[in-house]
Amino acid sequence: MNQQLVRSTSLAGAIVLGLGSILGTGAFVSVGIGADIAGGAVLWAILIAAVTALCNGLSSAQLASAHSVSGGTYEYGYRFLTPAYGVTAGSLFVVAKSASAATAALAVGWYVTNVTAIPEYLAQWIAAAVLVLFTLLVLGGVKRTNWVNAAIVTVSIVALLAFIITGHQQTAVVERASVEWWHVLQAAALLFVAYTGYGRIATMGEEVQNPRQVIPLAVILTLAVVTLLYLGVGSALLHFPSIADFQAEHFSLASLLPTGPIQWLVTAGAVVAMGGVILNLILGVSRVVLAMGRRADLPMRFANLNDQQTSAPPATWLTCFVMLVLVAIGDIKTAWSFSAFTVLVYYGITNLAALKVTKSDRFVPKWVSILGLVSCLGLAVFVPWQVLLSGLIFIVVVLLIHQLRR
């Protein structure tokens, strides 16, 4: 007889889980990158990204309800579309989330060097050390429990509120030159990644009380809270005179603050939040690598477990290796941009799969998934052209390898 998980998670619990999966690099890094691109229009970019994320979150909830399996859009592509879509989605997920983890690790390095005497050139080495440390923790069976998740969310929100309040105490808003509409869309494309993590709520169909009502509502409320925080951070950024001189490649909120307790609080909040993000991403990406090994979309050695069957060392070390490569070759903005393109295409496939859900299983209107599909593919073309070209080449290579293996 198949055992079922106890439906013990309430609406509040699902929202805390969603916040814990989203808050991190987005709040402490990407809003600043968006402000660098869109200037005073960054608030519009945040709202565009939020609408796109909402459509995708509801499509993910629809798919999780209709096909409750681990593996996300990798499995949905196989189930509702074709194996080629599934392999593409799985490969995009691995690269997109590895790029997000690399961004988080690099950001930890820059936050630490900004408030200590550690030389800046060691930021990448700090990032690499952080990734290896969390990989060892994952192999040791460490996971984010509910109370750890709640603690991370609390620390993150307190730190962000401190930054927002400090920012709005500045004497005047920095004058910003007018920007073109495509700069706003480019910023929205990068900011969209700041919302990803809502998929964790969508996969809780077996654990949540009354999932058909609770999951969509939890997605909506979680994204609303996150959007308000991002709008607050974006607005506060424009009050700092030093925002005009910052380097997006090395950005940290703490670098804008005067030396003192608030700077240390924001740094601590950023490091804690991004540490939680890295742990979640190593867990999530390694499980998709494991699933791809089981289907032979990757060499089957990556499906091997340890003797206790509590972790997947080959899949986890491959995950760490990909993240380390991205840390070595990219700065924060480049890594985040590559994550943006790949995750937008990934969620485009999510929306396409959601359109294939039968009418009897559907509780999200089709127009939501259509809007999500159009938004994802529309924003994807506004990433820097070098990233766009690299991403397209990656997809073509994945499809060619898949065809040859078949």
Side-chain angles (χ1 to χ4, degrees), residues 8-32 46 49-50 53-54 56-57 60-61 97 100-101 103-105 107-108 111 130 134 137-138 142-167 191-204 207-209 214-236 252-254 261-284:
S8 58
T9 304
S10 64
L11 174 62
I15 292 172
V16 170
L17 183 64
L19 291 173
S21 300
I22 294 175
L23 289 178
T25 321
F28 290 97
V29 176
S30 74
V31 177
I46 291 170
L54 177 60
N56 294 342
S60 297
K97 297 304 182 180
S100 293
T103 305
V108 169
Y111 267 91
V130 167
F134 278 101
L137 290 174
V138 169
V142 173
K143 297 182 180 180
R144 279 175 64 166
T145 61
N146 290 337
W147 72 267
V148 169
N149 196 59
I152 290 174
V153 169
T154 301
V155 171
S156 301
I157 291 178
V158 168
L160 289 172
L161 290 177
F163 176 82
I164 292 169
I165 292 170
T166 303
L191 283 163
F192 169 72
V193 191
Y195 284 93
T196 57
Y198 49 73
R200 182 65 187 91
I201 302 174
T203 59
M204 294 177 64
E207 307 166 57
V208 174
Q209 302 162 3
V214 169
I215 290 179
L217 185 57
V219 168
I220 293 169
L221 293 176
T222 298
L223 292 179
V225 172
V226 170
T227 299
L228 289 174
L229 286 171
Y230 288 174
L231 289 171
V233 172
S235 177
S252 76
L253 297 182
I262 300 298
Q263 186 186 57
W264 280 99
L265 173 61
V266 171
T267 299
V271 171
V272 168
M274 289 185 286
V277 166
I278 293 168
L279 178 59
N280 261 10
L281 289 175
I282 293 175
L283 281 166

So, for Ala236 and Phe163, which heavy atoms are closest and what is the spacing to 0.1 Å? CB-CE2, 4.0 Å

All heavy atoms of Tyr230 vs all of Ala194, minimum pair found to be OH-O, 2.5 Å

From Val233, Val155, Val266, residue fulfilling side chain to side chain contact (heavy atoms under 4.5 Å, CB included) relative to Leu160: Val233

So how far is it from Thr166 OG1 to Leu161 CG, rounded to the nearest 0.5 Å? 10.5 Å

Are Met274 and Val29 side-chain neighbours, meaning at least one heavy-atom pair lies under 4.5 Å? yes

Roughly how far, to the nearest 0.5 Å, is CD1 of Ile46 from CG of Leu231? 5.0 Å

Taking Leu253's backbone N and O only, do any of them form a donor-acceptor pair with Tyr111's side chain (distance below 3.5 Å, no angle check)? yes

I'd like to check Asn56 versus Tyr195 (side-chain heavy atoms, cut-off strictly below 4.5 Å). Are they in contact? no

What is the distance from atom CD1 of Ile22 to atom CG of Leu223, rounded to the nearest 0.5 Å? 5.0 Å

Please round to the nearest 0.5 Å and tell me the distance separating atom CG of Leu19 and atom CD1 of Ile152. 12.0 Å

When every non-hydrogen atom of Ala50 is compared with those of Thr227, the smallest separation belongs to CB-OG1, 3.5 Å

Quick one, Leu228 with Val225, criterion side-chain contact (heavy atoms from CB on, under 4.5 Å). Give me CA distance, side-chain angles, the key distance, then yes/no. CA-CA 5 Å; Leu228 289 174; Val225 172; 5.8 Å; no

Do you know which two heavy atoms are closest between Val193 and Ser100, and how far apart they sit? CG1-OG, 3.8 Å

Which pair of non-hydrogen atoms, one from Leu265 and one from Ala162, has the smallest distance, and what is that distance? CD2-CB, 3.7 Å

Shortest non-hydrogen contact from Ser156 to Ala273? OG-CB, 3.1 Å

